[in-house]
Amino acid sequence: MTSAPRKTAFFDVDETLIDAKSMGEFLNFYHSHQGGVPTWEGFIAALPPGTSREATNRAYYGIWRGMPRSEIRAWGALWFRGASRQDGFYIKSTISRLSVLQASGYDVVLVSGSFDALLDPIAVELNASAILCSAPDQAGDRYLGTLQTPMIGENKAYAILEYCVRNGVDPADCIAFGDHESDLPMLEAVGGGFWVRTSGEIEQHRPSVRT
């Protein structure tokens with residue numbers, strides 16, 4: 001008997017599943033409790049005008065240089081514990097769609113420029129099968145302050161296609177959800193893409209016809 005093809009739903013996280021920018025909110029949370037790091041607003045203001053999302057992502061992980069990964073993960077869990085209990089943390093329409101997809105047999109994979117310290121608790125709560133995210137370099141238990149591959153733009157699409165190859169999944173049987181124009185490559189890497197609007201409305205992406 002042939003088993004049914006595996007299907008996967010790939011979800012961006014910030015402002016798609018949660019109504020927040022996890023990296024920014026965590027930075028402010030850590031700043032208020034421990035100090036030694038800038039606020040998110042201060043970090044953004046210090047970047048040169050026109051800094052790309054990829055460069056911003058790399059610069060963010062430079063903030064944590066020399067810090068123990070285990071310690072940042074513990075603080076990430078504390079941040080999530082408080083933030084996730086606030087009304088409006090999750091975007092209800094997307095969470096509802098995620099639940100329906102899981103019930104119909106889809107695996108759920110989170111795809112984000114954020115990092116595991118913040119994404120792991122979300123993945124556990126949402127019963128996600130995997131996380132594809134930015135992975136800051138480390139030596140032993142300490143962050144080096146560098147990042148090889150920001151999980152932004154085309155890199156999300158590459159990561160999704162590699163995941164499909166590793167797990168025997170046909171991208172045509174998969175769908176993806178995102179909120180920002182930089183998510184377009186991941187939406188077009190699979191069989192169906194959906195935009196999550198600021199209103200919470202979910203709208204199907206219709207690829208432009210290429211001539």
Side-chain angles (χ1 to χ4, degrees), residues 10-69 71-73 75-76 79-80 83 91 109-123 130-163 176-190 193 195-198 205 208:
F10 297 94
F11 286 85
D12 171 56
V13 177
D14 293 357
E15 299 180 315
T16 296
L17 282 172
I18 66 173
D19 192 16
K21 294 183 183 296
S22 60
M23 294 160 58
E25 294 219 351
F26 176 65
L27 187 61
N28 287 340
F29 175 82
Y30 190 90
H31 173 86
S32 68
H33 287 80
Q34 290 289 93
V37 299
T39 63
W40 176 253
E41 295 75 18
F43 164 69
I44 294 297
L47 295 173
T51 300
S52 69
R53 288 173 69 89
E54 291 84 354
T56 298
N57 200 249
R58 290 182 189 279
Y60 177 84
Y61 294 109
I63 293 172
W64 309 108
R65 184 176 65 174
M67 295 190 185
R69 177 174 180 263
E71 178 181 309
I72 298 305
R73 285 180 59 83
W75 279 104
W79 164 77
F80 173 77
I91 297 176
V109 173
L110 308 186
V111 189
S112 176
S114 191
F115 63 140
D116 60 358
L118 313 183
L119 298 172
D120 278 351
I122 298 173
I131 300 170
L132 307 176
C133 66
S134 293
D137 299 324
Q138 61 187 77
D141 188 45
R142 292 192 180 272
Y143 290 122
L144 295 176
T146 54
L147 174 70
Q148 298 303 312
T149 306
M151 195 59 69
I152 304 289
E154 293 285 353
N155 288 332
K156 286 187 173 183
Y158 298 148
I160 285 172
L161 294 175
E162 288 174 358
Y163 175 91
F177 295 78
D179 72 292
H180 188 268
E181 61 184 13
S182 63
D183 293 324
L184 179 60
M186 74 180 260
L187 268 57
E188 295 196 333
V190 295
W195 294 109
V196 178
R197 301 306 184 187
T198 53
H205 169 65
S208 58

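Side-chain atoms are counted along with the backbone in the values below, which use heavy atoms only and exclude waters and symmetry mates.
- Here the closest heavy-atom approach between residue Arg142 and residue Gly66 is recorded as NH1-O, 2.5 Å.
- Using a 4.5 Å heavy-atom threshold, the side chains of Leu132 and Leu110 count as separate.
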Next item on the list: Go through the steps to decide whether Ile160 and Val111 satisfy the test side chain to side chain contact (heavy atoms under 4.5 Å, CB included), and finish with yes or no.
Entry: CA-CA 8 Å; Ile160 285 172; Val111 189; 4.2 Å; yes
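- No side-chain heavy atom of Tyr163 sits less than 4.5 Å from a side-chain heavy atom of Tyr158.
- Note: His180 NE2 to Arg53 CZ = 4.0 Å, rounded to the nearest 0.5 Å.
- Expressed to the nearest 0.5 Å, how far CD of Glu71 lies from CD of Gln34 amounts to 6.5 Å.
- For the pair Trp195/Asp179, no side-chain contact is recorded, criterion being any heavy-atom separation below 4.5 Å from C-beta on.
- Taking every heavy atom of both residues into account, Leu119 and Cys133 meet most closely at CD1-CB, 3.4 Å.
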Next item on the list: I would like to know whether Val109 and Phe11 meet side chain to side chain contact (heavy atoms under 4.5 Å, CB included); could you show each step before the answer?
Entry: CA-CA 6 Å; Val109 173; Phe11 286 85; over 6 Å; no
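- Taking the six-membered ring for Trp and the full ring otherwise, Phe177 and Phe10 have centroids separated by 6.0 Å or more.
- Looking at every heavy atom in both residues, Gly178 comes nearest to Asp12 through CA-CB, 4.0 Å.
- Checking Asn28 against Thr39 by side-chain atom types alone, no donor-acceptor pair falls below 3.5 Å.
- At a threshold of 4.5 Å between non-hydrogen side-chain atoms, the residues Tyr61 and Pro150 do not count as touching.
- There is no side-chain donor-acceptor pair under 3.5 Å between Thr51 and Thr56.
- Checking side-chain atoms of Arg69 against main-chain N and O of Asp141 turns up no donor-acceptor pair under 3.5 Å.
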Next item on the list: Decide salt bridge (Lys or Arg N to Asp or Glu O under 4.0 Å) for Lys156 and Asp183; before the verdict, give the C-alpha distance in whole Å, the side-chain angles of both, and the deciding distance to 0.1 Å.
Entry: CA-CA 8 Å; Lys156 286 187 173 183; Asp183 293 324; 2.8 Å; yes
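- Between Asp120 and Arg73, at least one side-chain N (NZ, or NE/NH1/NH2) sits under 4.0 Å from a carboxylate O, which counts as a salt bridge.
- Side-chain contact between Glu25 and Phe29 is absent, with no heavy-atom pair separated by less than 4.5 Å.
- Note that CG of Leu147 and CD of Glu54 are 11.0 Å apart. Values are rounded to the nearest 0.5 Å.
- Nearest heavy atom pair, residue Pro185 against residue Ser182, reads CD-O, 3.3 Å.
- Here the side chain of His31 pairs no donor or acceptor atom with the backbone of Leu27 at under 3.5 angstrom.
- Between Thr146 and Asp137, the side chains place a donor N or O and an acceptor N or O closer than 3.5 Å (distance only, hydrogens not considered).
- At a cut-off of 3.5 Å, with distance as the only test, a side-chain donor of Asn57 or Ser134 sits close to an acceptor on the other residue.
- Contact detail for Val37 and Trp64: the closest heavy-atom pair is CG1-CZ3, 4.1 Å.
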Next item on the list: Determine, stepwise, if the pair Val13 / Ile122 fulfils side chain to side chain contact (heavy atoms under 4.5 Å, CB included).
Entry: CA-CA 9 Å; Val13 177; Ile122 298 173; 4.1 Å; yes
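- The shortest heavy-atom contact between Ala123 and Ile131 is CB-CD1, 3.7 Å.
- Proximity of Ser22 to Ile18: side-chain heavy atoms (C-beta onward) are separated by under 4.5 Å at one or more points.
- For Phe26 and Phe80, the gap between ring centers reaches or exceeds 6.0 Å.
- Side-chain N or O atoms of Arg58 include one that pairs as donor or acceptor with a backbone N or O of Gln148 at under 3.5 Å.
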Next item on the list: Given side chain to side chain contact (heavy atoms under 4.5 Å, CB included), test Glu188 with His205 step by step and report yes or no.
Entry: CA-CA 9 Å; Glu188 295 196 333; His205 169 65; 2.9 Å; yes
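- Put simply, the side chain of Tyr30 never gets that close to the backbone of Gly35: no donor and acceptor are under 3.5 Å apart.
- A 6.0 Å sphere centred on CZ of Arg65 holds no more than 12 heavy atoms belonging to other residues, nucleotides or ligands.
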